[in-house]
Amino acid sequence: MIEALLPSAAATDAVPVYAVSPQTLQGVLTELPTSASGWVVANRFKAESGAVLAVPGEDGQVSAALFGLGEGNGAPLGAANLATALPAGIYRLASGFADPFAACLAFALGAYRFTQYKANGDEPAAQLAVPGEVDLDELGRIVSGVYLARDLINRPANDLGPEELAAAAGELARRHGAEFKVTVGEELLEANFPMIHAVGKASTRAPRLIDMRWGNAAHPRVTLVGKGVVFDTGGLDIKPSSSMLLMKKDMGGAANVLGLASMIMASGLKLHLRVLIPAVENAIAGNAFRPGDILPSRKGLSVEIGNTDAEGRLVLADALALADEESPELLIDMATLTGAARVALGPELSPFYTDDEGFADGFAAKGEAVTDPLWRMPLWKPYAAMLESKVADINHISSGPFGGSITAALFLARFVEKAEAWVHLDIYGWNPAPKPGRPLGGEAQGIRALYALLKDRYAA
């Protein structure tokens, strides 16, 4: 259970929260003690979008709260401000909330805090009694998946190496009765994952491939692949220190597919789920792979290394090749893959690539519906010429500075042939500044939209 959310039974003595616009504010004030009007004027509360005001009663304790909608129904996830602006206590939604489920979700997303490493991290916080008409179980499934992704991304690399990431995946698998397997170190070569091994072998923490299966094998196959680079120095093409500061988040793709898998399994969707995570650290040592090296791949393609700081697509390629061998109905990969995606769309809007027109339309619509923003980018085939190599089957980076996110997607596409539909998400996995429902730090991106779409397709 998410601590910020309580069952409706807890609403007995809960403080009511009224959602108000500038037009409805005065009407709501007639339901409150006469002193409330003076308090509103004194605090210059005008029901602006996202504004929160706690109203004291005669005893000085909070007796009600006002939440501003502005001129519309409020900003998406705006109700998240309630979790951060209200004093500790139990609250309930009173009136004015057009979508109680969305308001509760926003509250829970805004209540998230990563305090694992703080001595005084468990300070009292506001809690929300979920209305009886809201599906608390479904709410919990979504929020738990988001929290899992955020927690994993926020953990520092010294405390989350390939082994610890595998342990987190294993715990999720055990919780839901999933099959679980890990291929470690030199076993990767024996099992034909040469690029995962090459990227991770320079680290003192052995690389590994995490493989989880869940559900009825007779159901449609859906496979999730997540980039699990627990820290990226850039390898021999070493990053400058300023670019290395956030590289604990380079396993954001893995964190997100685990968060999505948590939602899927908790909902019991009618699909056969497989989760593949190549977990590595891109470190520097005498045995590190080099620019100009030519690596074999599981697919059988030889890959020329243009830059060791583009390691994520290499480990993904081996995992995608494995996933593709089963011809899944849907193959989804997620990765914090390119800076080019951030240049194009910024940190909040996640680009996705697919040739499946039906999936693309539905996915974008779900992203808008659940406030999980996405933008389709083109798999522009002529740019594949930028990946040509004179000495190997393909170079893993483009020959010029243009279209970096597109060429990365085109590289991955070479390793997918049999899947009925393939979708690639180039996410950021991080909130560089706090916004309603999106605290500073690790973020789940795209998985609420994917879950909504998968629920429609494979409802239990």
### Query
Is any side-chain heavy atom of Leu374 less than 4.5 Å from a side-chain heavy atom of Leu425?
yes
*Are the side chains of Val416 and Leu331 in touch, meaning some heavy atoms are under 4.5 Å apart?*
yes
Would a distance-only check, ignoring hydrogens and angles, find a side-chain to backbone donor-acceptor pair under 3.5 Å from Ser243 to Lys239? no
Q: Go through the steps for Tyr112 and Asn154 under the test side-chain hydrogen bond (donor to acceptor under 3.5 Å, both in side chains), then give the verdict.
A: CA-CA 12 Å; Tyr112 174 85; Asn154 284 326; 3.1 Å; yes
Smallest heavy-atom separation, Leu32 atom then Ala64 atom, equals CD2-CB, 3.8 Å
May I ask you to check whether Trp422 and Asp356 show a side-chain donor-acceptor distance below 3.5 Å?
no
Do any N or O atoms from the side chain of Asn256 and from the backbone of Gln445 form a donor-acceptor pair under 3.5 angstrom?
yes
Are the side chain of Asn431 and the backbone N or O of Pro434 linked by a donor-acceptor pair below 3.5 Å?
-> no
By side chain to side chain donor-acceptor pair (under 3.5 Å), Asn43 pairs with (sequence neighbours left out) none
With a 4.5 Å heavy-atom cut-off, do Met195 and Phe193 have their side chains touching? no
Exercise. Sub-3.5 Å donor-acceptor pair from the side chain of Ser350 to the main-chain atoms of Gly446, do we have one?
Worked result: no
Looking at Glu281 and Arg205, is any side-chain nitrogen of the basic one under 4.0 Å from a carboxylate oxygen of the acidic one?
yes
Taken to the nearest 0.5 Å, the spacing of Leu349 CG from Ile427 CD1 works out to 13.0 Å
For Asp324 and Phe415 the tightest heavy-atom approach is CB-O, 3.9 Å
- Query: Can you find a heavy atom in the side chain of Leu93 that is under 4.5 Å from one in the side chain of Phe107?
  - Reply: no
field: Test: Lys249 cationic atom under 6.0 Å from Tyr428 six-membered ring centre, within 45° of axis
entry: yes
Query raised in the report: Is there a donor-acceptor pair under 3.5 Å between the side chain of Ser21 and the backbone N or O of Leu69?
Result: no
Item checked: Non-hydrogen side-chain atoms of Lys248 and Leu160 separated by less than 4.5 Å -> no
Distance-only, no hydrogens or angles: does the Ser63 side chain make a donor-acceptor pair with backbone N or O of Val55 under 3.5 Å?
-> yes
Those residues at least two apart in sequence (or on a different chain) that pass side chain to side chain donor-acceptor pair (under 3.5 Å) with Arg150 are Glu443
Tightest non-hydrogen contact, residues Ala178 and Trp214, listed as CB-CB, 3.8 Å
Only residue of Leu82, Leu6, Val62 satisfying side-chain contact (heavy atoms from CB on, under 4.5 Å) with Tyr91 is Val62
So CG of Leu136 and CG of Leu5: to nearest 0.5 Å the spacing works out to 6.5 Å
- prompt: Should the pair Asp361-Arg376 be classified as a salt bridge under the 4.0 Å nitrogen-to-oxygen rule?
  reply: no
Let's go through Asp151 and Phe114 carefully: what are the C-alpha distance in whole Å and the side-chain angles of both, what is the deciding distance for side chain to side chain contact (heavy atoms under 4.5 Å, CB included) to 0.1 Å, and is it a yes or a no? CA-CA 7 Å; Asp151 281 347; Phe114 185 70; 3.8 Å; yes
So CG of Leu273 and CG of Leu260: to nearest 0.5 Å the spacing works out to 7.5 Å
Main-chain N/O of Ala340 paired with Ser405 side-chain donor or acceptor, under 3.5 Å: no
Distance col, row Arg213:CZ vs Glu179:CD, nearest 0.5 angstrom, shows 7.0 Å
Checklist line | Atom CD of Glu163: over 12 foreign heavy atoms under 6.0 Å | finding: no
Ala10 and Ile90 have their tightest heavy-atom pair at O-CG2, 3.9 Å
Next on the checklist: With a sphere of 6.0 Å drawn around CD of Gln23, does it hold more than 12 non-hydrogen atoms of other residues, nucleotides or ligands?
Outcome noted: yes
*asked:* Using modelled atom types and a 3.5 Å cut-off, is there a donor and acceptor pairing between side-chain atoms of Ser144 and backbone atoms of Gly140?
replied: yes
### Message
side chain to side chain contact (heavy atoms under 4.5 Å, CB included), that's the test. Do Met247 and Val229 meet it? Break it down for me.
### Response
CA-CA 9 Å; Met247 282 302 98; Val229 179; over 6 Å; no
- Query: Does a donor on one side chain sit under 3.5 Å from an acceptor on the other, for Thr24 and Tyr18?
  - Reply: no
>> Run Arg208 and Thr183 through side chain to side chain contact (heavy atoms under 4.5 Å, CB included) and show every step you take.
In response: CA-CA 5 Å; Arg208 59 204 68 210; Thr183 305; over 6 Å; no
Sidechain N-carboxylate O distance under 4.0 Å for Glu138, Lys455: yes
Do Asp318 and Pro278 come close enough that some side-chain heavy atom pair is under 4.5 Å? no
field: Derivation and outcome, side chain to side chain contact (heavy atoms under 4.5 Å, CB included), residues Leu53 and Phe67
entry: CA-CA 7 Å; Leu53 180 66; Phe67 171 66; over 6 Å; no
For residues 425-441, the salt bridge (charged side-chain N to carboxylate O under 4.0 Å, His left out) pairs (sequence neighbours left out) are Arg342-Asp426, Glu348-Lys435
Counting only heavy atoms not in Asn216, do more than 12 fall under 6.0 Å of its CG?
-> yes
In short, Ile277 meets Gly228 closest at the heavy-atom pair CG2-CA, 4.1 Å
Please answer whether the main-chain N or O of Gly161 pairs with a side-chain N or O of Glu164 as donor and acceptor at a distance below 3.5 Å.
yes
* Asked: Do any N or O atoms from the side chain of Asp372 and from the backbone of Ala449 form a donor-acceptor pair under 3.5 angstrom?
  -> yes
message = A side-chain contact here means heavy atoms from C-beta on lying under 4.5 Å apart; do Val52 and Val17 qualify?
response = no
Taking the side chain as every heavy atom from C-beta outward, state whether Val225 and Leu322 have any atom pair closer than 4.5 Å. no
Looking only at heavy atoms, the pair that brings Val182 and Ala166 closest together is CG2-CB, 4.3 Å
Value for OG (Ser262) from CD1 (Ile447), rounded to nearest 0.5 Å, stands at 8.5 Å
**Request:** Would you indicate whether Glu368, at its atom CD, is surrounded by more than 12 heavy atoms from other residues, nucleotides or ligands within a distance under 6.0 Å?
**Result:** no
NE2 (His424) and CG (Asp355) are apart, to the nearest 0.5 Å, by 13.0 Å
Looking at Glu311 and Lys227, is there a salt bridge between them, counting it only when a charged N and a carboxylate O are closer than 4.0 Å? yes
